[in-house]
Structures are given as C-alpha cells and as structure tokens.
Amino acid sequence: MALEKPYPIFLSLLLALLLHSVVAQPSKNNIISLGTSLTAVENGSFWPSPSGDFAFGFRKIEKEDGFLLAIWFNKIPDKTIVWSAVLETTGDALVAPNGSKVELKSDGLFQLVDPEGDQIWIASPSRNGTDHAAMLDTGNFVLVGHESQNLWQSFDHPSDTILPGQVLHSPAQLVSRYSQNNFSRGKFLLRLQDDGNLVLWTTHYPMTLANIPYWDSHVFGDGFSLVFNQTGSIFVQSSNKSMVASISSNAPSTQDFYQRAIIDYDGVFKRYTYPKGHSSSAWSVSHNIPEDICNKIVEYTGSGACGFNSYCIFDDGMKSCRCPDGYSFVDPNDVKKGCKQNFVPQSCDETSSEAHHFNFSEMQYTHFPSSYYDYFYQVSEDWCKQVCLDDCHCAVAVFRAGECWKENLPLKNGLIDTPFGGKAFFKIRKVDSSALDPENVHVKNHISKLIVIGSTFLGSSVFLNLLLLVARSKLVVYWSGHNNQEDPKTSPSRPRMNLRSFTYDELVEGTNGFTEELGRGAFSTVYKGVLPDIPGNLVAVKKLKMVNEIDKEFEAEVSAIGQTHHRNLVKLLGFCNEGEHKLLVYEFMSKGTLASFVFEDQKPSWHQRVQVAIGTAKGLLYLHEECNIQIIHCDIKPQNVLLDDSYIAKISDFGLAKLLKIDQTMTTTAIRGTKGYVADEWFKNKPITVKVDVYSFGVLLLELICCRKNFDMNIEDEHKMILIDWAYDCFHYRRLDLLVEDDDEAQIDMKKVEEYVMIGIWCIQDDPSARPTMKQVVQMLEGFMDVPNPPDLPSFTNQW
Ligand SMILES: *[C@@H]1O[C@H](CO)[C@@H](O)[C@H](O)[C@H]1NC(C)=O
Ligand SMILES: *[C@@H]1O[C@H](CO)[C@@H](O)[C@H](O)[C@H]1NC(C)=O
Ligand SMILES: *[C@@H]1O[C@H](CO)[C@@H](O)[C@H](O)[C@H]1NC(C)=O
Ligand SMILES: *[C@@H]1O[C@H](CO)[C@@H](O)[C@H](O)[C@H]1NC(C)=O
Ligand SMILES: *[C@@H]1O[C@H](CO)[C@@H](O)[C@H](O)[C@H]1NC(C)=O
Ligand SMILES: *[C@@H]1O[C@H](CO)[C@@H](O)[C@H](O)[C@H]1NC(C)=O
Ligand SMILES: *[C@@H]1O[C@H](CO)[C@@H](O)[C@H](O)[C@H]1NC(C)=O
C-alpha cells in the first residue's frame, strides 16, 4: 500500500504534463518563424493563437499617439488586454511610437524597435537556439528553442493579469495600472513574496516602494507558487504541489467562460468571467479580494484607497471615490487626484470672527482614520462641533458617543464605515455670507450710494439740484482734443447726404401721432413708426427733450452720428430739425433691448450672451477708437443695447451725450449716466474719459454673465443685492459657480465664466487708468489676450 500510493499521483502528474504540452504545442499555422515582424499601425496585423481566442501585436492607446505591445482576448469586442510589455526602468507600460516594429530576427533575437530602428524593448537577452515563437491558446506568448524548450514566455513576465494555466513562482508580482484605459503604473501591488505569503500592498505612489499591506494569504514557506489552474481555481501551492491556501474557487468552467484575474486599478484583486461565444456580453466579476477594500486600507502616509479629501464607498462590488459636500474633484477625469475645498478656508488671523461664516454638513458613519490631530472624550456633539468651529485648523469634526476627533486637511483614508457608528461634520463656508466681513464696509457704502443716486433720479427737482451740484463742481468734460478744434470732417454746416431730413409732419404721420411708445428715458421718448420709403419700413423715432437749440450745432452732431457705420451700432437713418422739434430716426430693432432679453424669464443661452458681450464691446471700441471722431457714450446699460433679428448686439443712443450739451463747461452728460452703471469719476472733479464707458461695460458684462440686474432690491440676501460686489466676492472666495448656479451651459464653461468675471472686475476698477481700454477688453473677451488677475477692489471710503 505504502508503495502504491505515490503512483497514481505520479501518473496523473505525468498525464497532466503530457496534456499540457499537447495543448501548449503550437500547431503549424500559428508558428512565428525567424525573420517575421509586425508594425505598429492602427488596426494593423497581429499574431493570433490557433483558436483565435488570443492575439499578440500592437494596441493603439486611447487618446494618445502610441501603441502597447500586448496580448489580448481577440474574440470579444473590447479586446481586453491581458499583458503588455513594460519598461524595465520604470515599470510603466511601454508606449511604442507609430511605426515601431516587433521582430523575431533571423538570429533569434526578439525585440521591439522604434521607427528609427533603435531597440526599445527586448524579450530576452539570449538569442541562442531560438527556433520560432508562438501565440498559444492559453494566452501565453512563447519563444521556443530547437529542443522545443520554452526560452521565454509572457506568463513569466505578467503585468497586472493572470490567466488560467498560468503559474507564478515566488518572488513575483502584478502591478495595477493607473486607470481603466491608462496603462501607466498604478498604486497597488499583488506580491507573491519570497516568504511564500501572497500580499496586496499599497505603494508610496509614484514610487514602487511598498507602503502598507491590506490583505494577505497568511501562508509561509519556501518555493510557493500562485496557480490559476485550467478549471479556474486560484490558489497558493507549495513546492510539493499541494494547495496551501485557496484564493478563489467555485469558478465556472473554462470551457464555457473566458477568465482572467487582475489586480485592478482600484486595488481589488478580481476574477472576471465572460461567456464564450456571446460577443455582446461583458466581463463580470466573480470574486473580489478584499471583499470591501474601503475598510481595509489605512495608510499613515498616503491618501488611502481614494485620493486626498475624498471618501471611499464600496457598493455592489464596486469601489468608488466621492467628494464630501463643499468639495469637488481636483480633476473629474481622474478621481485619484482627490478633492479640493470649493470655498475659501477659515482664516486663522480672524478665527473667532470668521467662525459664524461656517456651518457643518453632516455625514453618517463617515470618518477619516489617521487624519485626526486632536481627540476628546466625554463631550457632547455640540461641544465637538463648536471646538472645531473655533479652530481654523479643523476641517472636519468626527463624533461618536462622547468621543470627538478634530481632523485636518488633507483628509486621508476616508470611508463610510457603518460599524464605526459615528458621524462626520464637514466645516463649510456658508454660501450666502461668504462675503460678509464685518470689517468690510464697502458693501454697505455701495448700497447707500446707489440709493442716493436712485432717489436722485426719481424726481426732476432733485435731478436739477444734482445738475447744479455738478455745475458747481466745475466738472470738465474732455472730448479727446476734438472738442475745441474745428475739424472739417466733423463740422459740416449741413448734414451729409446719407442722412435724410424728415419733416415733423412726416414723422407724426409715420408714428401715427406718436402712439406706440417703445421706450422712454430722461431726455427722450422713442416711438415705433412706419415709413414707406425706408428699407424694411419700420423705424424707431426718438423725440429729444432738452436739446441743444442751436440748429447748426444740432445738425453738426447729427451728421457726426450719421457718419458712424458699424455692425454693432444702431444705424441712424435721418432726423428732423424744426425749431423745438428735434427728432432722430433709427432703424428698428425687432428683438428689443438687451435688458428685456437678459432680465426676463426666457434667459438667453450662455453662447448668445458671450456673443452679445463681444458685439457690444466691439461697438464701443469703434466709438472710442475707430470712427472719425471719438464718441464717449456715457450711458452704456442693457436698455441702450438693442438686438436685431439675428440677436446681434447694437448700441443705441451714442452721440447723444454731445447732442444734449448745454454749454462748454457744464453738460448734462454729467448726469446722463444711469444708477449702477456710472463710474466714480462722475462724482468727483475728475475728467470724463472713454473709461467711463469701460466702467459701464464692466457692469453690463457681469449682468450678462449672471442674467440679473446689477442692483436688485428683490434679492433678500443683502450681500447679493449689488451684483458687482457679489461677483467680486464670489471671485475673491473662488465660488464663481454661485454666479451661474442654474445655468448648466455656463457651468461647463467655467474657465470662460472666470475670465469674463475677471474682465468685468478689471473694467469696474475705481481708478480709470487701471481699467483696460475697449481694445484690450475685446481682445480678452475673444481670447486673444490673457486676462491678468484683477487687483482687489478698493473699499469705497471716498465720499462724493
Ligand atoms: C480601426 O478600427 C476601428 C474599429 O473597427 C475603427 O473605428 C477605426 O476607424 C479603424 N481605424 C483605422 C485607422 O482604420
Ligand atoms: C502612422 O503611420 C502611418 C504610416 O506612416 C500613417 O499612415 C498613419 O496616419 C500614422 N498614424 C498615426 C496615428 O499617426
Ligand atoms: C550563446 O552562444 C554563444 C556562442 O555560441 C555562447 O558563447 C553563449 O554562452 C551562449 N549564451 C547562452 C545564454 O547560452
Ligand atoms: C496616465 O496616468 C499618468 C499618471 O497620472 C499620466 O502621467 C499619464 O499622462 C496618463 N496617460 C494618459 C494616456 O492619460
Ligand atoms: C484546479 O484546482 C482545484 C482546486 O484545487 C481542483 O479541484 C481542480 O481539480 C484543479 N483542476 C485541474 C485541472 O487541475
Ligand atoms: C507539502 O508541503 C506543505 C507545506 O510545505 C506541508 O504542510 C504538507 O504536509 C506537504 N505535503 C506533502 C504530501 O508532503
Ligand atoms: C449651512 O448653510 C447653508 C447655507 O448657508 C444652508 O443651506 C445649510 O442648510 C446649512 N447647514 C446646516 C447644517 O445648518
């Protein structure tokens, strides 16, 4: 009996070996003979295994110019890669340039060369005795010697995957890739150590040094190997071929299923199966090790299973990494980079005064093992929150039954851990008061200033008072040199021919006796009219009040306006100049004013708003720099920008500033500006330059971005009431998302939103010389010029 026993084992082993070599023996049609090569081109040729299940060749890397030298499942649509050549030096997947060549040279050398013919990878330094190469049906690629011995096989140089039939001898390791489609080296290792233990490690990424083990097989011994056998069991085997640890069993049959086991990019060692002959199927995980990875990894240095500041949840067999409330991914396409705070953290200079700007978002069962820096016990939940609020270093308070942990950034090893039982309180800056700094008085000053302006404009007697006030302050208006010079082009005694002169009666008839009012301003009222001999028939007739009564000057100014031609200006068609009746006739703009377009319910798209901003800026640039005489508009606001059939922005009412001039030193232009859009210099003894329009444009731009009025009394939150302050605060605290909260289109274009807000902030600088020119504004809006970081807004301490 004692003698008999070994025989069956011996015989079955022999049989197995024979069977194995039969399977492994390449049939004639898949022999790769000496002197054969493959070139790296997209959808190029490859070397299939006899059954066609596997192939060896080049795989194009997604979104990159390069190829992996790889082995893949060739009969399934997604061509899952099971092996790829790695760079000896870094352990990263080797990326071969287009046109590289893998060749089995006639002298037996098996190598990869780049298009210049330089060697970039070599299978084995030995070239002695190579007879041929073969892609086997097991997924193993082999170099075979003259005595049919294996000189080199891919099974001995695994990347992250092992296949049925593959055996790893200690010491050996699999290295995870970076992500599903990025084959660079990742953070996790599966090691069959030389002590025989099979261990999953995190590494000190991006180095390969092992950091902490998070699972192991608990078996030790010399000469152990890891076996993935033909029936799909994975186990550790001792040198006497007995199983010492089962890693994964109960596999479905390899007859009916493709199988692979991989140290996946999420750190889980997974066995996958795929039903053969079902090309529309998908890989499914039949075993995870460890079962819940989130619970297993606690690194003392390093971020843990997920990136810093994120937390790990394992749900339905899948690990995923998420950001807590108030945090978002640093790179949504690469969650391993972790999360960042969406708000400006608590200031340590003013911890106590800042404390009330923060509250907590609560998350059950969440904690960050190893992130704490302070610990208390026998305390209440409220005490725990308060102690965190009063400490600028504290980012999260974790509380559990009388115990309290203060945790600081970056948060590590985050997870939802039901057995832990506690909860986390994330300290988040409150949304509505991000700007509310008690020391920061400029918000309040600004409100009171606007209220004064607002009421000033309400009654004409107050309005006249302001006129006198402005007159007393000897406000001087500069018209860029053209003002005092007799420019032959700009002061013709008669309007040019391109303007029609209408009689008052014609306009009374055309407007049906001034019945259909389109708009009304302090100095004019606009009516819709129909004039048969005008192209398109429709016109807008503007009846001016308080105009320069001297006919000659009126006509000179009208003529100047008539000489402007720009796609983004409303075209003046004609005028009427009969004593007190001074009227201007403009082309009719079917889509009305920008104000009704932007502030009413039907919000224009982000793209349309961008176009309107650029158009308006170009119109202003023309007025400032490109037309015959420089025109300062003085009243840029959404009510004065009109839209034509194709929603092209057209500035109206330009040139009126000068038309309405009363005399050289005192002009009504000084108070033409509209509350909320006027620059500070109106209120000071400072020259008025084109930069007043730049200021108003800045306000208009911010309104366009946010689809709201600069000054909105209906907004309850005082800090949001004035848009330019709110926008500035959102910019300052890096919460620009709040400005375009319900605007999905803008939210996916946050880079542009940020740039546009920055341009707006530049335009509304107090110091006119700090504001950009309209030329610069146009260049920045169109992306031809970088937008520098705007300076802080000065607080409005100067009284006017
Ligand atoms: C390669 O094959 C894929 C899938 O069949 C196809 O979408 C792609 O256009 C092909 N590329 C080239 C360069 O032929
Ligand atoms: C690779 O090279 C081939 C031949 O030179 C060329 O036709 C092809 O466009 C190149 N492919 C890429 C992705 O550069
Ligand atoms: C290869 O062959 C050469 C010459 O025949 C010999 O010197 C060398 O030792 C051989 N190398 C190996 C690894 O067998
Ligand atoms: C893959 O990830 C590495 C590490 O983050 C990165 O350097 C590399 O650019 C990525 N490759 C691709 C193709 O995205
Ligand atoms: C694979 O291993 C399992 C578990 O040890 C065993 O039951 C099975 O018979 C093995 N299959 C082969 C083909 O050796
Ligand atoms: C095989 O080796 C293992 C561990 O090295 C040992 O526990 C076991 O008894 C051995 N089995 C046989 C049949 O020798
Ligand atoms: C924190 O403040 C925000 C707004 O500032 C509010 O929506 C939220 O409900 C508050 N959270 C708690 C827990 O009070």
Side-chain angles (χ1 to χ4, degrees), residues 8-24 40 42 58-68 70 81 84 86-87 89-98 137-138 159-160 162-168 175-188 198 202-208 217 219 224-238 240-257 259 261 264-267 271 273 286-287 302-303 306-308 310 321 329-338:
I9 296 171
F10 175 74
L11 278 176
S12 63
L13 268 174
L14 193 69
L15 202 66
L17 275 173
L18 276 172
L19 274 171
H20 188 76
S21 55
V22 166
V23 172
E42 204 172 338
F58 291 100
R59 298 296 308 169
K60 176 110 177 58
I61 298 178
E62 255 182 42
K63 298 190 215 115
E64 235 193 325
D65 276 350
F67 295 82
L68 298 175
I81 290 173
S84 70
V86 298
L87 280 169
T89 45
T90 62
D92 283 326
L94 186 150
V95 178
N98 185 17
D137 277 334
T138 50
S159 22
D160 56 3
I162 55 171
L163 295 169
Q166 190 163 356
V167 178
L168 299 185
V175 184
S176 72
R177 63 183 78 156
Y178 189 76
S179 67
Q180 180 73 47
N181 293 315
N182 183 335
F183 289 76
S184 294
R185 196 161 35 76
K187 175 170 171 148
F188 305 98
L198 185 70
T202 69
T203 60
H204 290 285
Y205 186 83
M207 301 190 75
T208 38
S217 63
V219 290
F224 280 8
S225 41
L226 179 66
V227 179
F228 194 169
N229 78 6
Q230 287 289 357
T231 44
S233 294
I234 303 173
F235 51 89
V236 179
Q237 195 180 52
S238 67
N240 62 19
K241 305 286 183 214
S242 65
M243 183 171 93
V244 288
S246 171
I247 307 301
S248 179
S249 54
N250 299 326
S253 128
T254 45
Q255 217 97 71
D256 303 327
F257 289 87
Q259 300 201 25
D264 225 337
Y265 61 94
D266 61 5
R271 198 182 70 209
T273 57
S286 64
H287 194 186
S303 61
C306 286
F308 288 113
S310 55
C321 300
F329 285 118
V330 171
D331 178 356
N333 298 317
D334 185 0
V335 300
K336 282 185 278 308
K337 294 211 165 84

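The structure presented is a predicted model; accordingly, all values stated were derived computationally and were not measured. Each ligand, and each atom within it, is numbered from 1 in the order the structure gives.
- For ligand 5, the atoms closer than 4.0 angstrom to any heavy atom of Asn229 are 1 (C), 2 (O), 3 (C), 8 (C), 10 (C), 11 (N), 12 (C), 14 (O).
- A cation-pi geometry, defined here as NZ or CZ lying under 6.0 Å from the six-membered ring centre and within 45° of its normal, holds between Lys60 and Phe67.
- Judged by distance alone, the side chain of Asn229 and the main-chain N or O of Gly232 form a donor-acceptor pair under 3.5 Å.
- Less than 4.0 angstrom separates some heavy atom of Phe235 from each of these atoms of ligand 5: 2 (O), 5 (O).
- For Phe183, the ring pair (Phe, Tyr, Trp, His ring centres under 6.0 Å) test picks out no residue, with sequence neighbours left out.
- Contact check for Ser253 versus Gln230: no side-chain heavy atoms found under the 4.5 Å cut-off.
- Across all their heavy atoms, Ser179 and Lys336 have their closest contact at CB-NZ, 3.9 Å.
- For Asp334, the salt bridge (Lys or Arg N to Asp or Glu O under 4.0 Å) criterion is met by Lys337, not counting sequence neighbours.
- Contact atoms of ligand 5 toward Met243: 5 (O) (distance under 4.0 Å to a heavy atom of the residue).
- For the atom pair CZ of Arg177 and CZ of Arg185, the computed distance is 14.5 Å after rounding to the nearest 0.5 Å.
- Taking Ser249 as the reference, Ser233, Ser246 meet the side-chain contact (heavy atoms from CB on, under 4.5 Å) condition, with sequence neighbours excluded.
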Just list the N/O pairs, ligand 4 to protein, that are under 3.5 Å apart, with the distance for each.
{"residue": "ligand 4", "atom": "2 (O)", "partner": "Asn182", "partner atom": "ND2", "Å": "2.3"}
{"residue": "ligand 4", "atom": "11 (N)", "partner": "Asn182", "partner atom": "ND2", "Å": "2.8"}
{"residue": "ligand 4", "atom": "14 (O)", "partner": "Asn182", "partner atom": "ND2", "Å": "3.4"}

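- Among the atoms of Thr231, some N or O lies under 3.5 angstrom from an N or O of ligand 5.
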